[in-house]
Q: 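Handing you this structure, nothing more for now.
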Amino acid sequence: MALVWRDAFPASRLLGAVAAAMLALGNAPPALAAPMHGIAMQGEPALAPGFDHLPFVNPDAPKGGTMRYGVYGTFDNLNPVIVRGALTTARGIWFDPEFGNLVFEPLMWRSPDEPFTLYGLVAESVETDEERTFVEFTLNPAARFSDGKPVRVEDVLFTTEMLSQVGLVRPQYTNWLSKVAKIEKVGERGVRFTFNEKADRELPLLLAGLPVLPEHGFDRATFGQTTLKPVIGSGPYVIDRVVPGQRIVYRKNPDYWGRNLPIKRGLDNYDEIVVEYFRNQNAQFEGFQKGLFFVYADGSPEHWRSAYDFPAVRDGRVVKEEFETGRPAGVYGFFFNTRRPLFQDRRVRTALGLLYDFDWANKNLYYGAYRRIEGYFADSELSSVGRPADEREKALLARFPDAVAPEVMDGSWRPPASDASGADRKLMKDAVDMLKEAGYAFHGARLVGPDGRPFAFEILVQNADQQRIALGYQRTLARVGIAASIRLVDDAQYQLRKTSFDYDVLISAFNPTLSPGAEQRGRWGSAAATASGSFNYAGVANPAVDALIDAMTAARTKEDFVAAVRAYDRVLITEAYVVPLFYVGEQWLARWSFIRHPDRTPLNGYHLPSFWREPDAP
């Protein structure tokens, strides 16, 4: 990747010359790219140029007061883009899924109210062509870092230089930038990325989401080292106080450059944000009950239904709320490590899927509050479940005639439903028949493989909730002669084994998305199967999967995109890399009543940066 500085050739002269030449030949001039206020993966941004504020915020939300968040774990690092310390970086500095970007800001801001659309922030406009062979950003002349220095193109170039260093920063950044052939400075405020042959149509949006780091705020020689020195960014908050492992305090920057931008109206409403750390989830919830922090996201049906009988709930000081979203269910389940010979046969994986009794677990452990995950994009138009493949899907899958099972292709497939006894005889018989077909047989009460070895594996878990899920599965597996052991390890050992793929089966999850794209390569793509630390937990190396990821990232229309994702969904369902577990159809949030939120919930769920504190709250 080359870094080039050049002055922009005046666009008016270029356009005039091209138009004159074309008219002389009797042809109309070609359509040239033009700067835009936003960019969407398919189609146009929902908000037109000159919009006043985001549709889901309260533009007149009160400002002021302190917000306190509570998380469990620890932290010892304030640089959120490096690999070292990636698992112990303080929350909120950059790309926090709950708290937002408090310190660092991206070139463009991703809207939580659309599948994949970004609007100008540090960059006031974006330009690309129909083929998306390049992207050019023009920086907002008002953009400033918290120390008052302007955000320059040189800072963007410094950022890309640092984020291109393999092994130093998080791998998604180096992967994105590996598809860039050249970066050029255009005039005083423009920066252009020209792509190589590895690029896809998603790349302009991914680059638009890059943080902008101040060149003067970092030492190149020590960039990859963890630090507890407060970092400088262009965001609405600065790091005020740090108590390593316990607390980080963010203070509103009164001179924040972007406070009057339309996309910032109704957001960033607190004078101070405190993030408190707790040693475990029990201590975290106790802290919430005592008012040490003000919002608690709950994902456990048992906890949601039974743990809120304390005085602040009874007298109305704490409010429980459920939020509907438009997101898919996401992926949550037992991931088979197909790098192990035991799990390389699709029939074995499919049989093991039949032996997880969701209906028993939901009835006896979870108050019937969960729904079974159906595929990889359940509860959305992207799901293939219940829909026969259309002609677009069939065309995409034509090269891979055996990639999709007939019942998945025609839309009749559903996850197995049991009698909720924990020992459904029909499902167990179907599973055993499939295992026998794969070469397994009973020796006494034990199931053994073609090599004579007992069918046995270990399930790696990291907390008591996962352990409870695994115990129910273990019991059913034992009924058909499969010995599944369960290993509960501490967080450090769990992360080490996870990143080195040192497990047979683990329970994990991927966040839901309405715009799957390049990140799917890291989760299911062949290149990630052997990349240490990747998210390809199942070790998938499947040409059909790779081809369909390419198709979804290359799609220009929504129709082509949906077809590619549904075909992809069908392949993953057929291959049974995961035993799908369950999900809650809504979001559960408890809050102290003086924390308020807008009436409208955006597409991807509640957005904490749009909440505010009542001015007269104690």
Side-chain angles (χ1 to χ4, degrees), residues 31 33 36 38-46 108 110-111 113-118 126-135 172 175-176 179 193 195-209 326-328 330-331 375-385 387-400 403-404 408-409 411 510-528 540 542-573 603-604:
M36 302 173 290
I39 184 171
M41 186 60 196
Q42 288 93 30
E44 300 297 325
M108 304 185 76
R110 183 170 181 174
S111 171
D113 204 34
E114 300 176 55
F116 197 3
T117 297
L118 296 97
V126 58
E127 180 180 345
T128 187
D129 60 352
E130 179 63 26
E131 300 298 325
R132 293 192 177 176
T133 61
F134 77 94
V135 66
Q172 68 265 31
N175 179 52
W176 300 344
K179 302 173 185 179
F193 297 77
F195 307 146
N196 60 34
E197 68 282 354
K198 295 185 294 183
D200 53 52
R201 293 183 60 78
E202 189 178 33
L203 189 56
L205 287 83
L206 298 176
L207 296 178
R327 297 184 303 176
V331 182
Y376 294 75
F377 303 96
D379 263 6
S380 80
E381 67 174 340
L382 302 178
S383 176
S384 67
V385 179
R387 297 181 172 103
D390 63 17
E391 293 307 314
R392 284 186 174 90
E393 292 182 66
K394 291 176 181 178
L396 290 168
L397 291 165
R399 293 168 48 203
F400 311 101
V404 178
V408 179
M409 198 74 169
F510 291 139
N511 290 331
T513 176
L514 284 165
S515 184
E519 82 287 345
Q520 300 296 309
R521 292 192 177 95
R523 298 177 178 184
W524 307 104
S526 297
V540 177
N542 185 325
V545 169
D546 295 336
L548 291 168
I549 295 174
D550 290 343
M552 72 176 74
T553 55
R556 297 192 183 190
T557 67
K558 182 178 179 180
E559 293 77 13
D560 286 342
F561 174 72
V562 171
V565 178
R566 288 180 183 173
Y568 178 63
D569 189 35
R570 295 182 202 277
V571 173
L572 293 178
I573 289 170
L603 181 68
N604 282 291

Q: For the atom pair CD1 (Ile573) and OG (Ser383), what is the distance rounded to the nearest 0.5 Å?
A: 6.0 Å
Q: I'd like to know if the side chain of Arg570 and the backbone of Val385 have a donor-acceptor N/O pair within less than 3.5 Å.
A: no
Q: Are the side chains of Val135 and Leu203 in touch, meaning some heavy atoms are under 4.5 Å apart?
A: no
Q: To the nearest 0.5 Å, tell me how far Phe377 CZ sits from Tyr568 OH.
A: 6.0 Å
Q: Using the six-membered ring wherever Trp is involved, compare the ring planes of Trp524 and Phe510 and label them parallel, tilted or perpendicular (cut-offs 30° and 60°).
A: perpendicular
Q: May I have the step-by-step check of side-chain contact (heavy atoms from CB on, under 4.5 Å) for Met36 and Thr128, ending in yes or no?
A: CA-CA 9 Å; Met36 302 173 290; Thr128 187; 4.2 Å; yes
Q: With a 4.5 Å cut-off on side-chain heavy atoms, are Phe561 and Leu382 touching?
A: yes
Q: The criterion is side chain to side chain donor-acceptor pair (under 3.5 Å); which residues satisfy it with Glu44, sequence neighbours excluded?
A: none
Q: Out of curiosity, Gln42 CD to Lys558 NZ, how far, rounded to the nearest 0.5 Å?
A: 9.0 Å
Q: When rounded to the nearest 0.5 angstrom, what is the spacing between CZ in Phe193 and OG1 in Thr133?
A: 14.0 Å
Q: A side-chain contact here means heavy atoms from C-beta on lying under 4.5 Å apart; do Val126 and Pro204 qualify?
A: no
Q: How long is the span from the CG atom in Leu118 to the CZ atom in Arg110, to the nearest 0.5 Å?
A: 7.0 Å
Q: Using the side chain to side chain contact (heavy atoms under 4.5 Å, CB included) criterion, which residues pair with Pro512? Sequence neighbours excluded.
A: Arg327, Pro328
Q: Output all residues satisfying salt bridge (Lys or Arg N to Asp or Glu O under 4.0 Å) with Glu559, sequence neighbours left out; order by chain, then residue number.
A: none
Q: Among residues at least two apart in sequence or on other chains, which ones pass side chain to side chain contact (heavy atoms under 4.5 Å, CB included) with Asp113?
A: Pro55, Phe56, Ser111, Arg600, Pro602, Leu603
Q: Salt bridge (Lys or Arg N to Asp or Glu O under 4.0 Å) with Asp390: which residues, sequence neighbours excluded?
A: none
Q: Sequence neighbours left out, what passes side chain to side chain donor-acceptor pair (under 3.5 Å) with Glu114? Give chain and number order.
A: Thr117, Tyr119
Q: Excluding sequence neighbours, so at least two apart, what forms side chain to side chain contact (heavy atoms under 4.5 Å, CB included) with Asn511?
A: none
Q: Is any side-chain heavy atom of Val545 less than 4.5 Å from a side-chain heavy atom of Ser526?
A: no
Q: Does Arg392 have any side chain to side chain donor-acceptor pair (under 3.5 Å) partners at least two apart in sequence or in another chain, and if so, which?
A: Asp560
Q: List for me each residue that meets salt bridge (Lys or Arg N to Asp or Glu O under 4.0 Å) alongside Arg566, sequence neighbours excluded, and say none if there are none.
A: none
Q: Just so I know, are the side chains of Leu397 and Val571 near enough to count as touching, which here means a heavy-atom distance under 4.5 Å?
A: yes
Q: Can you list the residues that meet the side chain to side chain contact (heavy atoms under 4.5 Å, CB included) rule with Gln172, with sequence neighbours excluded?
A: Arg170, Trp176
Q: Does this structure show an ion pair linking Asp200 with Arg521, if we count only N-O contacts that are shorter than 4.0 Å?
A: yes
Q: Partners of Glu391 by salt bridge (Lys or Arg N to Asp or Glu O under 4.0 Å), sequence neighbours excluded?
A: Lys394
Q: For Phe116, which residues count as a ring-ring contact (aromatic ring centres under 6.0 Å, His included) partner, sequence neighbours excluded?
A: none
Q: Which distance, rounded to the nearest 0.5 Å, do you find between the CZ of Arg556 and the CE of Met41?
A: 11.0 Å
